[in-house]
Peer 1: 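I am attaching a structure below and will ask some questions about it afterwards.
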Amino acid sequence: MMNDDVKKQSAGSRLREWQREHTQTAILTAAEAVLAEEGLAARIDAIAQRAGVAVGTLYNHFGDRDALVQAALDHNRATLLAAMDAVLATPSTDFDTDLKRFVSALADHWRQHGAFLTAVLTEHCRSEVFASKRSLLKTEMHDKARGLIARGVACGRVRAGHDDLFAEYLLGLVRIHVVQQAMLGLPIPDLNPTIDLFLHGAVPRT
């Protein structure tokens, strides 16, 4: 059995790990907010102040500005993928409902994080590191969209044999109707026409 000293050390280790993760999350949340407001040249001390930590503490967690921006991007990516996974992990009995939830998750992410992502897209569009991260995210999002399409095929709402194409088509519609609007600073429109276009195309219905 574990003696009291070992138990205390284990509890202390867990507490320190929790404190480290809590501080990192606070810094990343603050970084995204300040970078969205002031651009990627925002002052580090402004980020530290928003996070409620000392500048030295920030640098202990993230060695320099580039590392902080990259970590904020990784945190944002993880948040987006988790939102998509949450939809896929809790399917309803109706594919149309799940499709709307999936598209809404993407739209909600851009409503909450669009200013930061726009700043990164604008200022880092030619960065090789950013291009690599963007390519990885595109692949991951495609895989999740493909999973949703496979569900639509299984229930007869999506034509079989074109899973990859339809996954790309769905994400393309989201980019046009959600991402581009957010990058222009415009409100994200009603998602129902986007979903209707995906399911029915542009063919008139009788």
Side-chain angles (χ1 to χ4, degrees), residues 21-53 58 61-62 64-90 98-145 147-148 167-168 170-192 194-195:
E21 292 178 357
H22 179 76
T23 300
Q24 280 195 348
T25 299
I27 292 171
L28 292 173
T29 301
E32 180 173 325
V34 174
L35 293 169
E37 294 167 5
E38 302 181 14
L40 300 191
R43 301 186 331 275
I44 291 295
D45 62 326
I47 296 172
Q49 183 177 14
R50 181 78 65 95
V53 302
L58 187 152
H61 286 269
F62 307 98
D64 56 28
R65 179 187 299 277
D66 285 345
L68 177 58
V69 172
Q70 296 301 331
L73 271 175
D74 290 341
H75 181 68
N76 191 281
R77 165 182 158 272
T79 300
L80 172 58
L81 295 177
M84 298 170 78
D85 282 336
V87 174
L88 297 175
T90 55
D98 291 341
L99 174 62
K100 185 169 184 176
R101 290 171 59 220
F102 190 85
V103 173
S104 295
L106 298 176
D108 288 345
H109 186 83
W110 270 89
R111 286 191 185 98
Q112 297 172 29
H113 306 281
F116 166 69
L117 293 170
T118 298
V120 174
L121 283 167
T122 301
E123 300 187 37
H124 269 301
C125 61
R126 296 181 181 177
S127 162
E128 290 185 8
V129 173
F130 173 70
S132 176
K133 288 182 180 294
R134 188 177 183 184
S135 177
L136 174 61
L137 178 59
K138 183 177 179 180
T139 298
E140 292 169 324
M141 291 178 67
H142 179 90
D143 289 344
K144 296 184 187 306
L148 180 69
E168 190 58 38
L170 175 61
L171 294 176
L173 286 174
V174 171
R175 281 192 291 271
I176 293 169
H177 294 176
V178 174
V179 176
Q180 290 184 8
Q181 291 290 106
M183 289 188 67
L184 292 171
L186 300 174
I188 293 174
D190 177 18
L191 298 174
N192 286 321
T194 302
I195 294 166

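The structure presented is a predicted model; accordingly, all values stated were derived computationally and were not measured.
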Peer 1: Taking the side chain as everything from C-beta on, heavy atoms only, tell me whether Phe116 gets closer than 4.5 Å to Leu73.
Peer 2: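 Yes, close enough: below the 4.5 Å cut-off.
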Peer 1: Report the distance from atom CD1 of Ile188 to atom OG of Ser104, rounding to the nearest 0.5 Å.
Peer 2: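 One gets 10.0 Å once the value is rounded to the nearest 0.5 Å.
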Peer 1: Going by the rule salt bridge (Lys or Arg N to Asp or Glu O under 4.0 Å), which residues pair with Glu140 if we only count those two or more places apart in sequence or in a different chain?
Peer 2: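 Partners of Glu140 under the salt bridge (Lys or Arg N to Asp or Glu O under 4.0 Å) test: Arg77.
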Peer 1: Please determine whether side-chain contact (heavy atoms from CB on, under 4.5 Å) holds for the pair Val103 and His177, giving the CA-CA distance in whole Å, both sets of side-chain angles, and the decisive distance to 0.1 Å.
Peer 2: CA-CA 10 Å; Val103 173; His177 294 176; over 6 Å; no
Peer 1: Less than 4.5 Å apart, side chain to side chain, heavy atoms only: is that true for Val178 and Thr194?
Peer 2: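 The answer is no, as the side chains (C-beta and beyond) never meet within the 4.5 Å cut-off.
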Peer 1: Where do Ala26 and Ala51 come nearest, in terms of heavy atoms and distance?
Peer 2: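 That closest heavy-atom pairing would be O-CB, 3.7 Å.
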Peer 1: ring-ring contact (aromatic ring centres under 6.0 Å, His included) with His61: which residues, sequence neighbours excluded?
Peer 2: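 Checked His61 against ring-ring contact (aromatic ring centres under 6.0 Å, His included); zero matches.
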Peer 1: Output all residues satisfying salt bridge (Lys or Arg N to Asp or Glu O under 4.0 Å) with Arg65, sequence neighbours left out; order by chain, then residue number.
Peer 2: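 Arg65: no salt bridge (Lys or Arg N to Asp or Glu O under 4.0 Å) contacts found.
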Peer 1: For Asp143, what residues pass the salt bridge (Lys or Arg N to Asp or Glu O under 4.0 Å) criterion, not counting sequence neighbours?
Peer 2: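 Testing Asp143 for salt bridge (Lys or Arg N to Asp or Glu O under 4.0 Å), a comparison that skips the adjacent residues, returns none.
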Peer 1: Rounded to the nearest 0.5 Å, what separation is found between the OG1 atom of Thr90 and the CG atom of Leu88?
Peer 2: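 Output value for this atom pair is 8.0 Å.
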Peer 1: Show the numbers, then the answer: is there a side-chain contact (heavy atoms from CB on, under 4.5 Å) between Leu81 and Leu137?
Peer 2: CA-CA 9 Å; Leu81 295 177; Leu137 178 59; 4.0 Å; yes
Peer 1: Can you list every salt bridge (Lys or Arg N to Asp or Glu O under 4.0 Å) pair that touches residues 179-188, not counting sequence neighbours?
Peer 2: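 Those involving residues 179-188 do not exist here.
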Peer 1: Between Lys133 and Glu128, is there a salt bridge with N-O shorter than 4.0 Å?
Peer 2: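 Salt bridge absent between Glu128 and Lys133.
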Peer 1: To the nearest 0.5 angstrom, please state how far the NE2 atom of His113 sits from the OG1 atom of Thr79.
Peer 2: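 The NE2 atom of His113 sits 5.5 Å away from the OG1 atom of Thr79.
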Peer 1: Are any non-hydrogen side-chain atoms of Leu80 and Met141 less than 4.5 angstrom apart?
Peer 2: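 Yes. Closest side-chain heavy atoms under 4.5 Å.
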Peer 1: The criterion is side-chain contact (heavy atoms from CB on, under 4.5 Å); which residues satisfy it with Val34, sequence neighbours excluded?
Peer 2: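 Result, side-chain contact (heavy atoms from CB on, under 4.5 Å) vs Val34: Glu38, Ala42, Ala46, Ile47, Arg50.
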Peer 1: Quick one: do Val174 and Trp110 satisfy side-chain contact (heavy atoms from CB on, under 4.5 Å)? Show the steps, please.
Peer 2: CA-CA 10 Å; Val174 171; Trp110 270 89; 6.0 Å; no
Peer 1: With heavy-atom distances below 4.5 Å as the criterion, would you say the side chains of Leu171 and Leu106 are in contact?
Peer 2: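 Of all side-chain heavy-atom pairs linking Leu106 with Leu171, at least one is under 4.5 Å.
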Peer 1: Which pair of non-hydrogen atoms, one from Leu28 and one from Ala72, has the smallest distance, and what is that distance?
Peer 2: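 Shortest heavy-atom separation between Leu28 and Ala72 comes out as CD2-N, 3.6 Å.
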Peer 1: How about Gln181 and Pro187: do any of their side-chain heavy atoms sit closer than 4.5 Å?
Peer 2: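 Not in contact.
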Peer 1: How long is the span from the NE2 atom in His75 to the OG1 atom in Thr25, to the nearest 0.5 Å?
Peer 2: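 Interatomic distance, His75 NE2 to Thr25 OG1, rounded to 0.5 Å: 5.5 Å.
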Peer 1: Minimum heavy-atom separation for Ala119 and Leu35, please, with both atom names.
Peer 2: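 That closest heavy-atom pairing would be CB-O, 4.0 Å.
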Peer 1: Hey, what do you get for CG (Leu68) to CD (Gln24), rounding to the nearest 0.5 Å?
Peer 2: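 The distance works out to 10.5 Å.
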